[in-house]
Structures are given as C-alpha cells and as structure tokens.
Visitor: 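Let me give you the structure first, and then I'll get to my questions.
All values below come from the heavy atoms of this structure, side chains included, with hydrogens, waters and symmetry mates left out. Position 1 is the first residue of the sequence, and the numbers go up from there.
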Amino acid sequence: AMFRTESVEEFYQIGEDIGSGQFSEVKKVTEKSTGKDYAGKFIRKRRSTASRRGVKREDIVREVSILEELSHDNIISLHDAFELQKEVVLILELVTGGELFHYLAEEDHVNEEVAAQFVKKILEALKHMHDRNICHLDLKPENIMLLNRNTQNIMLIDFGLSRRIKPGEDIRDIMGTAEFVAPEIINFEPLSLNTDMWAIGVITYILLSGLSPFLGDDQQETYENVTAINYSFEDDDFFSSTSELAKDFIDHLLLKDPRKRATVDQCLSHPWIMPRSKKQKVQRQTSHLKLE
Ligand SMILES: Nc1cc2c(nn1)-c1ccccc1CC2
C-alpha cells in the first residue's frame with residue numbers, strides 16, 4: 001500500500017505552519033521515534049468528482065510515485081506518507097531557507113554570478129527529472145526553496161503538477177501560474193519537457209531584473225503577452241548591465257516553438273552557465289561590479 005493508515009499524530013508531533021499550497025498546508029513536524037524534523041504536507045482530498053476543492057486521490061498518488069522515483073540533492077525527498085479520511089499527509093525533507101520568491105523580494109534582483117549559480121542548481125535538478133522523462137510543469141520561484149540563506153543551494157519542493165511524459169501520449173490539461181506558463185499551455189497544445197525550459201527562461205529574467213517578463217494587469221493580459229512572446233530587455237534599463245551571454249541564454253528559452261527551445265543539457269553547457277574562457281567569466285562578473 002502506498003499510504004500508512006495509522007494516525008500521523010501517533011508518530012509525529014505537529015508544529016507550526018511553514019507554508020501552504022492551493023489545497024495544502026505545510027507544517028513543521030517532529031518524528032517521535034528519532035526527534036528528527038520534517039515538513040508535513042497536509043493535502044485535502046477531493047470529496048466528490050463534482051467538487052473543485054481538494055486534490056483528486058489519483059493526483060496525490062502520482063505526486064507520491066514521482067517523489068519516490070526521484071533522488072537528487074536539489075529535489076525534496078519523501079520520508080513517509082499517511083492517508084486519513086479527509087486528507088493525505090506527505091512527510092517531506094525539511095528545508096528552512098525560505099522560498100526563492102521571498103529572497104528575491106528582499107534582494108530585488110541578484111548579480112549575474114549569483115543568478116547563474118541559482119539557475120545552474122535548478123537545471124541540475126531539472127536534468128535529473130528530464131533524464132527520467134518527468135516534467136515539473138509548475139516551475140516558479142514559490143516552488144524553489146533555499147536550503148539556507150547564504151548559499152545558492154536550492155530545493156524543488158512541489159510536484160503536484162508533475163507528469164511522466166510518455167512518447168505519443170498527449171498532455172494538454174495542465175494549467176500552472178499565468179506568469180510562468182508556456183504558450184503551448186495557454187493554447188492547449190501538447191506539453192513536453194520543453195515546457196519546463198520556458199519557465200527557466202522566465203525565472204532567469206526575474207532573477208536578473210526583478211521584473212516579470214509577461215506579467216500584465218490581469219491574467220488575460222498576461223496570457224496575451226505570453227502567446228505574443230511580448231518581452232524585451234529594454235524596460236527601464238533594468239538590463240543595462242546584463243551581459244549579452246545572459247540575454248542570449250534567455251532568448252534561447254523564450255521561444256514559441258517548444259522544439260526550438262534549448263534543452264536542459266544545452267542550457268547546462270551554455271557559456272553563461274559554463275563559461276569557456278576567462279573573457280566569458282569576466283563578462284559575467286563585470287555586470288555584477290557595475291550593479292554594486
Ligand atoms: N506547496 C508546497 C509548499 C511548501 C512545501 N511543499 N509544498 C514545502 C516542502 C518542504 C519544506 C517546506 C515547504 C513549505 C512550502
């Protein structure tokens with residue numbers, strides 16, 4: 001059986017809230033037998049097929065089976081799982097560095113050296129997934145946690161929309177967060193591993209500028225900006241000190257045709273992520289010096 005049916009409170013002491021999702025609360029929990037701290041993700045089950053609240057049991061089972069298949073330093077690990085009458089509780093590895101989103105809110109934007117290190121870590125986690133034909137489909141700063149404040153070590157945390165991409169099988173029904181969704185999601189065209197690569201382009205743009213490239217005044221306007229690929233680096237000279245390498249990296253990801261986008265392997269060997277020469281490394285650093 002996938003889930004234990006004993007009471008989670010018999011084995012874990014429930015602590016304070018540390019986060020939440022649309023249908024989930026995440027609390028710090030302590031395993032009684034070991035004294036170890038974890039993150040307990042309490043996911044409300046959907047009571048009936050007619051309801052729009054809660055998560056379908058099959059979707060929770062999918063999230064758990066994907067978490068069980070993945071094993072990587074920058075991907076949250078699953079320690080245990082309980083099923084109660086109204087909810088499922090996932091016992092996840094505890095990360096306490098806060099969301100990348102909050103770090104960005106404080107820092108506004110980060111210098112290129114730091115941004116490139118963050119993106120490299122996210123790409124390494126994503127490579128572990130893509131090598132297993134698993135796509136995340138909800139990559140955004142809220143789903144990226146910092147291991148701790150002062151390193152670029154990150155952790156992907158939420159696999160609620162993740163899917164195994166089977167050749168020939170069409171996935172069209174996923175809808176993530178408007179600012180980060182690729183054009184094919186809005187147009188209900190087939191999704192693929194390349195759908196994640198679009199989100200990497202959006203996250204990189206935000207890391208470097210603090211601006212969200214497609215964000216409009218409402219969801220409709222955001223969708224129009226995405227499907228029109230309406231972004232630029234000219235906004236209010238937020239990119240005046242950004243290197244050409246960084247802009248080139250983003251330009252190879254924010255492409256309408258998913259097949260033209262750089263893959264995770266191509267991103268990992270892009271000179272912005274893997275500088276091949278002193279000149280390229282200096283180019284990345286000088287942009288930082290100008291900012292400071
Ligand atoms: N939707 C969310 C949201 C969160 C988490 N998981 N899913 C999480 C996982 C491990 C440690 C800490 C958290 C808090 C945020």
Side-chain angles (χ1 to χ4, degrees), residues 21-22 63 66 70 72 74-76 99-101 103-104 109-110 115-116 118-146 154-165 171-216 219 222-223 225-231 246-247 249-268 270 272-273:
Q22 190 179 10
E63 180 174 356
I66 283 176
L70 301 174
H72 186 274
N74 301 109
I75 292 178
I76 205 88
E99 293 175 8
L100 175 58
F101 186 74
Y103 174 82
L104 278 176
H109 58 277
V110 299
F118 268 131
V119 172
K120 185 176 178 184
K121 291 286 178 195
I122 298 167
L123 288 168
E124 286 167 354
L126 200 55
K127 176 176 171 55
H128 183 75
M129 296 180 69
H130 286 189
D131 285 351
R132 287 156 183 76
N133 260 345
I134 294 170
C135 52
H136 191 282
L137 296 181
D138 197 16
L139 286 173
K140 54 185 177 179
E142 292 94 316
N143 286 339
I144 299 167
M145 297 277 283
L146 299 184
I154 56 97
M155 192 72 89
L156 296 190
I157 56 166
D158 191 334
F159 295 80
L161 292 182
S162 296
R163 289 288 190 285
R164 282 184 183 79
I165 295 277
I171 297 178
R172 297 168 185 248
D173 64 333
I174 303 292
M175 193 51 76
T177 305
E179 278 174 81
F180 303 93
V181 294
E184 61 268 23
I185 289 186
I186 296 167
N187 296 327
F188 288 94
E189 287 156 3
L191 308 185
S192 67
L193 300 178
N194 305 323
T195 305
D196 282 336
M197 302 320 294
W198 171 279
I200 294 293
V202 177
I203 289 168
T204 305
Y205 186 107
I206 295 175
L207 275 170
L208 290 171
S209 67
L211 296 175
S212 188
F214 302 107
L215 186 61
Q219 191 178 81
T222 303
Y223 283 165
N225 290 337
V226 170
T227 49
I229 323 290
N230 173 21
Y231 80 97
K247 293 177 190 175
F249 179 83
I250 292 170
D251 285 339
H252 281 93
L253 294 170
L254 300 184
L255 296 168
K256 189 166 183 98
D257 183 347
R259 293 162 304 180
K260 292 204 174 79
R261 286 178 210 144
T263 63
V264 68
D265 286 329
Q266 287 167 333
C267 283
L268 281 165
H270 186 282
W272 187 62
I273 296 294

Visitor: Can you name the salt bridge (charged side-chain N to carboxylate O under 4.0 Å, His left out) partners of Asp158, sequence neighbours left out?
Guide: Lys41
Visitor: My understanding is that only residues two or more places apart in sequence, or in another chain, count here; which of them pass salt bridge (charged side-chain N to carboxylate O under 4.0 Å, His left out) with Asp265?
Guide: Lys127
Visitor: Roughly how far apart are Phe214 CZ and Ile186 CD1, rounded to 0.5 Å?
Guide: 9.0 Å
Visitor: At their closest point, which heavy atom of Leu123 faces which heavy atom of Val264, and how far apart are they?
Guide: O-CG2, 3.4 Å
Visitor: Could you check Leu100 against Leu146 for side-chain contact (heavy atoms from CB on, under 4.5 Å), going step by step and ending with a plain yes or no?
Guide: CA-CA 6 Å; Leu100 175 58; Leu146 299 184; 4.2 Å; yes
Visitor: Does the side chain of Val202 come within less than 4.5 Å of Leu254's, by heavy atoms?
Guide: yes
Visitor: Can you name the side chain to side chain donor-acceptor pair (under 3.5 Å) partners of Trp198, sequence neighbours left out?
Guide: none
Visitor: Indicate yes or no: at least one non-hydrogen side-chain atom of Leu156 is less than 4.5 angstrom from one of Asn143.
Guide: no
Visitor: Heavy atoms only: give me the nearest Val226-Ala182 pair and the separation to one decimal.
Guide: CG1-C, 4.1 Å
Visitor: Residues two or more places apart in sequence or in another chain: which of them pass side chain to side chain contact (heavy atoms under 4.5 Å, CB included) with Gln219?
Guide: Ala178, Tyr223
Visitor: Quick one: does Phe180's side chain get under 4.5 Å of Ile206's, heavy atoms only?
Guide: yes
Visitor: Rounded at 0.5 Å granularity, tell me how far OG1 in Thr195 sits from CG in Leu139.
Guide: 10.5 Å
Visitor: Only counting residues at least two apart or in another chain, list the ones meeting side chain to side chain donor-acceptor pair (under 3.5 Å) with Thr222.
Guide: none
Visitor: How many angstroms lie between atom CE of Met145 and atom CZ of Phe101, to the nearest 0.5 angstrom?
Guide: 13.5 Å
Visitor: Return the CG to CD1 distance between Asn74 and Ile157, rounded to the nearest 0.5 Å.
Guide: 13.5 Å
Visitor: Quick one: salt bridge (Lys or Arg N to Asp or Glu O under 4.0 Å) pairs with a partner in residues 255-264, sequence neighbours left out?
Guide: Glu184-Arg261, Asp257-Arg259, Asp257-Lys260
Visitor: Strictly by ring-ring contact (aromatic ring centres under 6.0 Å, His included), give each pair with a member in residues 120-144 just once, sequence neighbours left out.
Guide: His72-His128, His136-Phe159
Visitor: How many angstroms lie between atom CG of Leu253 and atom SG of Cys267, to the nearest 0.5 angstrom?
Guide: 4.5 Å
Visitor: Minimum heavy-atom separation for Met197 and Ala262, please, with both atom names.
Guide: CG-O, 3.3 Å
Visitor: Please tell me if the side chains of Pro258 and Glu189 come closer than 4.5 Å, counting only heavy atoms from C-beta onward.
Guide: no
Visitor: Checking Leu211 against Tyr205 for the side-chain contact (heavy atoms from CB on, under 4.5 Å) test, could you report, in this order, the C-alpha distance in whole Å, the side-chain angles of both residues, the deciding distance, and whether it holds?
Guide: CA-CA 7 Å; Leu211 296 175; Tyr205 186 107; 3.9 Å; yes
Visitor: A quick test of your reading: do over 12 heavy atoms of other residues, nucleotides or ligands sit less than 6.0 Å from CD of Gln22?
Guide: no
Visitor: Taking salt bridge (charged side-chain N to carboxylate O under 4.0 Å, His left out) as the definition, give me every residue that meets it alongside Arg132, ordered by chain and number, with sequence neighbours left out.
Guide: none
Visitor: By the definition side-chain contact (heavy atoms from CB on, under 4.5 Å), identify the one residue from Thr204, Ile154, Ile203 that meets it with Val119.
Guide: Thr204
Visitor: Under the rule for side chain to side chain contact (heavy atoms under 4.5 Å, CB included), what residues qualify as partners of Ile165, not counting sequence neighbours?
Guide: Cys135, Ile171, Leu193
Visitor: Go through the structure and list residues passing side chain to side chain contact (heavy atoms under 4.5 Å, CB included) with Glu179, not counting sequence neighbours.
Guide: Ser212, Leu215
Visitor: Using the test side chain to side chain donor-acceptor pair (under 3.5 Å), find all partners of Lys121 that sit at least two apart in sequence or belong to another chain.
Guide: none
Visitor: Which pair of heavy atoms, one from Met129 and one from Ser162, lies closest together, and at what distance?
Guide: CE-OG, 4.1 Å
Visitor: Is a donor on one side and an acceptor on the other found under 3.5 Å between the side chain of Asp196 and the backbone of Leu137?
Guide: yes
Visitor: For Trp272 versus Ala115, what's the shortest heavy-atom pair and its separation?
Guide: CH2-C, 4.0 Å
Visitor: For Arg164, which residues count as a side chain to side chain contact (heavy atoms under 4.5 Å, CB included) partner, sequence neighbours excluded?
Guide: Ser65, Ile66, Glu69, Ile134
Visitor: Are Val110 and Tyr103 side-chain neighbours, meaning at least one heavy-atom pair lies under 4.5 Å?
Guide: yes
Visitor: When rounded to the nearest 0.5 angstrom, what distance separates NE2 in His270 from NE2 in His252?
Guide: 6.0 Å
